[in-house]
Amino acid sequence: MGLRSFFTRLRTPTTVPASAWVPGTVNKPERAPLSPEELAELDAARKDFLQAAEQASVKSVHGCSRDGTRWQDDPQTVRAMAALIRDVHHHDKDTPQNEGTAP
């Protein structure tokens with residue numbers, strides 16, 4: 001059996017009906033609008049995140065969630081990302097760099 005036969009054989013599913021799986025669909029959970037207290041907490045978390053990013057000279061951050069929700073809309077996640085940036089920055093600052101190597 002050649003490689004071409006092997007890969008062609010894998011492309012044709014025999015045990016899964018065609019209607020059972022549709023690529024690219026994500027069931028996003030419905031989120032209720034945030035209360036004024038939650039919005040204030042989210043705003044404080046975002047300020048904390050921006051301060052951590054500025055101190056660490058972070059220029060961009062890319063993150064995603066498993067369920068399709070935005071991590072930027074959850075105060076706990078924003079604070080966790082700020083703590084992660086601070087921890088990595090603190091670790092990188094304490095680690096000596098070898099001369100002539102890229103960080």
Side-chain angles (χ1 to χ4, degrees):
M1 173 190 270
L3 283 178
R4 185 172 294 180
S5 310
F6 179 74
F7 288 117
T8 304
R9 183 176 59 87
L10 290 178
R11 276 193 222 147
T12 55
T14 56
T15 59
V16 179
S19 62
W21 181 76
V22 178
T25 59
V26 175
N27 295 329
K28 293 184 181 182
E30 292 294 324
R31 290 193 62 159
L34 297 176
S35 68
E37 295 83 22
E38 291 172 328
L39 283 174
E41 182 183 356
L42 181 60
D43 189 40
R46 286 178 177 169
K47 287 178 183 175
D48 185 36
F49 175 79
L50 290 174
Q51 181 184 18
E54 185 178 334
Q55 290 172 352
S57 300
V58 172
K59 298 203 182 341
S60 66
V61 176
H62 177 76
C64 60
S65 65
R66 292 182 181 186
D67 62 357
T69 59
R70 292 171 35 100
W71 66 267
Q72 300 95 328
D73 296 337
D74 181 21
Q76 291 178 338
T77 307
V78 173
R79 289 190 193 281
M81 291 291 286
L84 177 67
I85 289 173
R86 283 192 184 98
D87 186 44
V88 170
H89 177 65
H90 179 70
H91 178 70
D92 286 349
K93 187 172 60 172
D94 292 344
T95 304
Q97 298 288 327
N98 295 335
E99 289 185 26
T101 60

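Heavy atoms only, all atoms of each residue included: Trp71 and Val78 are closest at O-CG2, 3.6 Å. For the pair Asp73 and Arg46, the tightest heavy-atom approach, listed with the atom from each and the gap, is OD1-NH2, 3.4 Å. Closest heavy-atom contact between Pro75 and Ala45: O-CB, 3.8 Å.
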Could you go through residues 47-55 and list every donor-acceptor pair under 3.5 Å that involves a side-chain atom there, pairing it with any protein atom two or more places apart or in another chain?
residue	atom	partner	partner atom	Å
Asp48	OD1	Arg86	NH1	3.3
Asp48	OD1	Arg86	NH2	2.6

Only distances under 3.5 Å count here; give the side-chain donor-acceptor pairs of residues 33-41 to other protein atoms, sequence neighbours excluded, each with its distance to 0.1 Å.
residue	atom	partner	partner atom	Å
Ser35	OG	Glu37	OE1	3.3
Ser35	OG	Glu38	N	3.3
Ser35	OG	Glu38	OE1	3.4
Glu38	OE1	Ser35	N	2.9

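The line from CG of Leu84 to NE2 of His89 is 13.0 Å long, rounded to the nearest 0.5 Å.
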